Amino acid sequence: SMSKHKETEKNTPKPFDRGFVLEITLRHMRRDVDISIQNTMSRMVEFESDPVKSQEVFKTLSQLHQLKKLAEGISFSG
């Protein structure tokens, strides 16, 4: 968590680190996409007998994997 950036003295503003903020945000995005992929995959078996819902699940997984690739391709170094 961000607790390592707590204020140390009353009048000293806590440090601000752009790289830290962006890296933490990206890490959360990637984790959230992974969780959605896992949750969606775990529901596939529910819709085995429903071709329409099955198709929707597969499309969702495909688009979540696109999001995962996007998130993995983002870099804020420099």
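All of these numbers come straight from a predicted model, not from anything done at the bench.
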State, with a plain yes or no, whether a side-chain heavy atom of [X] is found less than 4.5 Å away from one of [Y].
{"X": "Val52", "Y": "Phe47", "value": "no"}
{"X": "Gln66", "Y": "Leu70", "value": "no"}
{"X": "Met29", "Y": "Val33", "value": "no"}
{"X": "Leu61", "Y": "Met44", "value": "yes"}

Q) Got a salt bridge between Glu72 and Lys68, using NZ or NE/NH1/NH2 to carboxylate O under 4.0 Å? A)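 Yes.
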Q) Between Glu56 and Lys59, is there a side-chain N and carboxylate O pair less than 4.0 Å apart? A)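 Answer for the salt bridge query: no.
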Q | same_hphob_cluster(Ile35, Leu64) at 4.5 Å side-chain heavy-atom cutoff | A |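 Hydrophobic grouping puts Ile35 apart from Leu64.
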Q: Report yes or no: does Ser54 contribute a side-chain atom to a donor-acceptor pair with the main-chain N or O of Asp50 at less than 3.5 Å?
A: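 Side chain of Ser54 to backbone of Asp50: a pair is present.
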Nearest 0.5 angstrom please: [X] [atom1] to [Y] [atom2], how far?
{"X": "Leu22", "Y": "Ser75", "atom1": "CG", "atom2": "OG", "value": "10.0 Å"}
{"X": "Leu67", "Y": "Asp32", "atom1": "CG", "atom2": "CG", "value": "11.0 Å"}
{"X": "Asp17", "Y": "Ile24", "atom1": "CG", "atom2": "CD1", "value": "10.0 Å"}
{"X": "Lys53", "Y": "Glu48", "atom1": "NZ", "atom2": "CD", "value": "15.5 Å"}
{"X": "Gln55", "Y": "Thr60", "atom1": "CD", "atom2": "OG1", "value": "10.0 Å"}

(Q) Ignoring hydrogens, what is the shortest heavy-atom contact between Leu26 and Ile74? Give both atom names and the distance. (A)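 So the minimum-distance heavy-atom pair works out to CD1-O, 3.7 Å.
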Q. Where do Arg43 and Asn39 come nearest, in terms of heavy atoms and distance?
A.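 Answer, listing the atom of Arg43 first, then Asn39: CG-O, 3.2 Å.
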